[in-house]
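Below: the structure, in structure tokens.
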Amino acid sequence: MTASISAIEELRLELPGLDWITDEGRVTRLSQDFSWFSPVLNRQLKDKRADVAVRPRTEDEIRAVVGACARRGVPITLRGSGTGNYGQTTPLAGGVVLDMTGYNAFLWVQPGVARAQAGIRLGELEKQTRPSGQEMRSMPSTYRSATLGGLFGGGFGGVGSINYGPLGAPGNVLGIRAMTIEPEPQVIELRGAEAMRMHHLWGTNGLVLELEIALAPAHPWLETLVTFDSFADALHFADKLANAPGIVKREIAFFAAPISDHLAQLAAHLPKGCHTVLSLVAESCEPAMLQLAEAHGGTVSYRRTAAEVQKSNRTLMEFTWNHTTLHALKVDPTLTYLQSGFVPGRHVEQIIEMEQLLGGEVMMHTEFIRNVAGLMTCSGLQLVRFSTEERLAEIIGIHRARGVHINNPHVNIVEDGKAGGPLPPEVIEMKKRFDPMGLLNPGKLRDWPVKAVPAEV
């Protein structure tokens with residue numbers, strides 16, 4: 001902890017009516033996310049924590065906290081539900097964790113678009129849109145707990161991205177309402193491309209209050225697992241299904257053996273050593289999907305209609321994306337993972353090549369997705385048998401040398417992870433505009449190092 005005790009005490013004395021969290025255990029929990037997926041980040045971040053946390057419920061309360069922190073130079077780390085994996089919500093400079101989960105109102109829905117406060121959970125947001133026959137275009141497997149603001153600040157895409165691409169694709173986020181971090185905070189509406197200059201920057205260049213997002217038509221989704229003896233047959237089936245224009249789908253994931261052996265809750269449906277394709281397709285498209293599965297030698301081992309899923313409140317969506325990693329870690333805590341992007345049109349070839357090079361040490365898990373240009377490809381969330389940090393770096397290098405893009409999930413600096421280099425000038429200008437004092441999540445941007453908080457205020 002680096003913020004002076006006097007500064008923290010003064011914050012609480014100035015704003016006694018707020019929901020301050022001071023219990024050491026709860027503050028520690030609110031200072032962490034799922035960065036323990038990475039043994040590298042777990043080592044680097046396990047002892048980092050805030051001085052205090054606060055859970056505001058109104059815009060006026062948020063404004064009061066932000067202004068009071070800015071006047072004292074106290075760092076602010078924004079937090080949703082903490083379902084990220086890079087330590088985005090872990091303070092490097094102590095200060096205040098601003099827990100946004102209490103600021104969670106659903107505001108309105110119209111044809112093709114909805115608006116809500118940043119702290120709303122994604123499952124609740126979709127519950128509000130479904131009566132109008134609409135659902136989210138994409139959402140992570142953590143949708144039950146993840147927040148809208150957290151998805152925007154630290155997320156990528158998820159279930160539905162096979163149709164609409166990642167969250168950052170033009171047209172998926174229409175606008176945001178954001179607050180500046182200064183003694184007299186200002187609230188500004190940003191639209192379109194300008195709004196996206198705060199996307200996936202871990203809450204380092206602006207405090208997002210509300211988001212306006214595009215919606216998709218809702219369908220009754222059939223959930224299936226199709227198993228295969230052959231790696232190639234499973235992969236080619238998944239690719240054909242993803243590219244079939246007449247089959248309406250929401251999710252396709254490919255799990256190479258032995259990943260299926262790590263999904264303990266589905267063990268009754270997954271023969272030992274099988275390769276598996278998980279899918280959500282519109283119920284009306286089941287015959288066409290089954291025809292493709294049969295043509296590739298697949299066996300349907302699990303089938304649930306939309307009504308059955310709703311009744312059981314158990315969905316295969318919670319075995320996709322990084323939930324796959326979570327389930328696998330429960331079976332083998334020595335595993336870790338990668339995040340990769342394959343070249344559209346070459347993705348099948350590259351997946352086969354990487355399996356031949358690293359099979360056994362790196363277990364192939366891919367999610368089918370359209371990229372920002374609308375081309376079908378795969379995002380990889382491969383499981384890795386971790387040995388050393390040096391070998392992990394070698395594995396990353398092997399992928400990159402063969403044209404597979406790696407978003408390194410084992411670093412805690414924005415520029416070193418998804419950004420992949422220096423931030424664009426327009427993002428830097430947004431940082432200067434919305435966080436002129438450099439108080440948001442300091443230490444996560446290379447060009448804004450951690451500043452010392454004054455000992456006396």
Side-chain angles (χ1 to χ4, degrees), residues 28-48 80-90 139-146 150 154-159 225 251 253-270 272-276 278 314-340 354-355 358-367 378-393 395-396 399 406-412 417-418:
T28 297
R29 182 180 63 80
L30 291 170
S31 298
Q32 301 291 327
D33 60 13
F34 282 72
S35 61
W36 57 268
F37 276 23
S38 164
V40 181
L41 292 182
N42 190 45
R43 172 180 58 78
Q44 295 174 347
L45 302 177
K46 62 182 179 180
D47 296 325
K48 303 293 185 182
S81 296
T83 57
N85 306 105
Y86 320 104
Q88 300 110 308
T89 61
T90 299
M139 62 183 182
S141 58
T142 53
Y143 70 94
R144 291 186 196 268
S145 56
F156 169 69
V159 175
L225 297 172
E251 164 68 18
F254 165 66
F255 307 134
I259 289 180
S260 297
D261 299 343
H262 292 77
L263 304 180
Q265 294 180 45
L266 298 175
H269 309 282
L270 298 173
K272 188 77 171 177
C274 72
H275 308 279
T276 306
L278 179 159
R314 181 181 183 181
T315 168
L316 290 182
M317 292 193 299
E318 292 177 292
F319 292 88
T320 65
W321 293 85
N322 241 343
H323 247 80
T324 310
T325 311
L326 179 61
H327 287 292
L329 282 167
K330 290 179 180 179
V331 174
D332 183 355
T334 68
L335 296 173
T336 188
Y337 75 117
L338 294 178
Q339 292 185 325
S340 58
M354 299 315 300
E355 175 69 11
L358 296 168
E361 185 177 17
V362 178
M363 295 170 267
M364 190 61 68
H365 164 206
T366 62
E367 298 281 346
C378 288
S379 286
L381 289 158
Q382 302 97 315
L383 297 178
V384 180
R385 298 190 187 280
F386 180 75
S387 54
T388 67
E389 293 184 22
E390 291 75 18
R391 178 54 182 165
L392 186 60
I395 291 171
I396 290 172
H399 282 79
I406 296 290
N407 296 326
N408 191 349
H410 304 283
V411 295
N412 194 232
K418 179 175 173 57

For Thr28, all residues meeting side chain to side chain contact (heavy atoms under 4.5 Å, CB included), sequence neighbours excluded:
Glu24, Arg49
Hey, does Pro409 have a side-chain heavy atom less than 4.5 Å from the side chain of Ser38?
no
Quick check against the 3.5 Å criterion: does Asp261 have a side-chain atom that pairs as donor or acceptor with the backbone of Gly273?
yes
Partner residues of His269 under the ring pair (Phe, Tyr, Trp, His ring centres under 6.0 Å) criterion, sequence neighbours left out:
Tyr302
Would His399 and Met354 satisfy side-chain contact (heavy atoms from CB on, under 4.5 Å), going step by step from the backbone distance to the final call?
CA-CA 7 Å; His399 282 79; Met354 299 315 300; 3.6 Å; yes
State, with a plain yes or no, whether a side-chain heavy atom of Gln265 is found less than 4.5 Å away from one of His327.
yes
Check: His410 and Leu392 side chains under 4.5 Å, non-hydrogen atoms:
yes
When you measure from the side chain of Glu367 to the backbone N and O of Trp321, does any donor-acceptor pair fall under 3.5 Å?
yes
Donor-acceptor side-chain pairing of Ser145 and Thr83 below 3.5 angstrom
no
Partners meeting ring pair (Phe, Tyr, Trp, His ring centres under 6.0 Å) with Phe34 (sequence neighbours left out):
Trp36, Phe37
Taking Gln88's backbone N and O only, do any of them form a donor-acceptor pair with Asp33's side chain (distance below 3.5 Å, no angle check)?
yes
Non-neighbouring partners of His323 that pass side-chain hydrogen bond (donor to acceptor under 3.5 Å, both in side chains), sequence neighbours left out
Ser141
Tell me every residue that passes ring pair (Phe, Tyr, Trp, His ring centres under 6.0 Å) with His262, counting only those two or more places apart in sequence or in another chain.
none
Quick one: side chain to side chain contact (heavy atoms under 4.5 Å, CB included) partners of Arg385, sequence neighbours excluded?
Pro258, Asp332, Leu335, Met363
Hey, does Leu316 have a side-chain heavy atom less than 4.5 Å from the side chain of Leu266?
yes
Glu355: what forms a salt bridge (Lys or Arg N to Asp or Glu O under 4.0 Å) with it, not counting sequence neighbours?
none
Which residues pass the ring pair (Phe, Tyr, Trp, His ring centres under 6.0 Å) test with Tyr143, sequence neighbours left out?
none
With sequence neighbours left out, the residues meeting side-chain hydrogen bond (donor to acceptor under 3.5 Å, both in side chains) with Arg29 are none
Under the side chain to side chain contact (heavy atoms under 4.5 Å, CB included) rule, collect the residues that match up with Thr324, sequence neighbours excluded.
Phe255, Ile259, Leu263, His365
Can you check side-chain contact (heavy atoms from CB on, under 4.5 Å) on Gln339 and Thr325, steps first, answer last?
CA-CA 11 Å; Gln339 292 185 325; Thr325 311; over 6 Å; no
Which residues satisfy the side-chain hydrogen bond (donor to acceptor under 3.5 Å, both in side chains) test with Gln32, sequence neighbours excluded?
none
Considering residues at least two apart in sequence or located in another chain, which fulfil the side chain to side chain contact (heavy atoms under 4.5 Å, CB included) criterion with Thr366?
Phe254, Phe342, Ile351, Met364, Phe368, Cys378
Side chain Ser340, main chain Ile406, donor-acceptor under 3.5 Å
no
